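Below is one structure, written out as structure tokens; comments come after it.
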Amino acid sequence: MTAYDVPVLRIPVELTGASVPAFALETQSHITAERSFLVFDLGTARFMSSAGLGHLIHAGRSLHEGGGALALAAGNRTIVKLLTTTGLM
């Protein structure tokens with residue numbers, strides 16, 4: 001948590017089809033009617049599959065529809081390029 005009570009979730013080293021379900025549950029547990037802002041820390045992420053990318057897109061849309069926002073922080077060059085290419089950054 002931060003001083004503004006915005007959760008910061010660390011993306012797993014590999015966000016793939018195998019790790020997305022558990023991470024999606026963690027993400028969902030932080031999205032409430034009272035809290036619709038979330039930060040994903042990409043600092044330790046090294047690989048992201050299409051399933052991982054899909055989760056980020058879904059989480060961002062869910063937050064946006066609730067009047068909130070998703071912010072992405074840090075990230076290695078490869079993942080930042082992927083997110084920039086897809087318009088997430």
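Just so you know, these numbers come straight off a predicted model, no measurement behind them. Just so you know, these numbers use all the heavy atoms, side chains as well, and skip hydrogens, waters and symmetry mates.
- Side chain of D41 to backbone of A74: no donor-acceptor contact under 3.5 angstrom is found.
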Sequence neighbours left out, cut at 3.5 Å: what donor-acceptor pairs do the side chains of residues 54-69 make with other protein atoms?
residue: H55; atom: NE2; partner: T27; partner atom: OG1; Å: 3.1
residue: S62; atom: OG; partner: H58; partner atom: O; Å: 3.1

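- Between P21 and A18 the shortest heavy-atom distance is CD-O, 3.8 Å.
- The two atoms that bring A45 and N76 nearest to each other are O-ND2, 3.0 Å, heavy atoms only.
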Can I get a per-line list of side-chain donor-acceptor pairs under 3.5 Å for residues 82-89, giving both atom names and the distance, sequence neighbours left out?
residue: T84; atom: OG1; partner: V80; partner atom: O; Å: 2.8
residue: T85; atom: OG1; partner: K81; partner atom: O; Å: 2.8
residue: T86; atom: OG1; partner: L82; partner atom: O; Å: 3.0
residue: T86; atom: OG1; partner: L83; partner atom: O; Å: 3.2

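- Here side-chain hydrogen bond (donor to acceptor under 3.5 Å, both in side chains) pairs that include residues 9-23, with residues two or more places apart or in two chains, number zero.
- Residues forming a side-chain contact (heavy atoms from CB on, under 4.5 Å) with E26 (at least two apart in sequence, or on another chain): L9, F23, H30.
- Contact annotation: the side chain of L70 approaches that of F40 to within less than 4.5 Å [non-hydrogen atoms, C-beta and beyond].
- Placement of L53 and F47 in two distinct hydrophobic clusters is found when ILVMFWY residues are connected by side-chain heavy-atom separations under 4.5 Å, directly or transitively.
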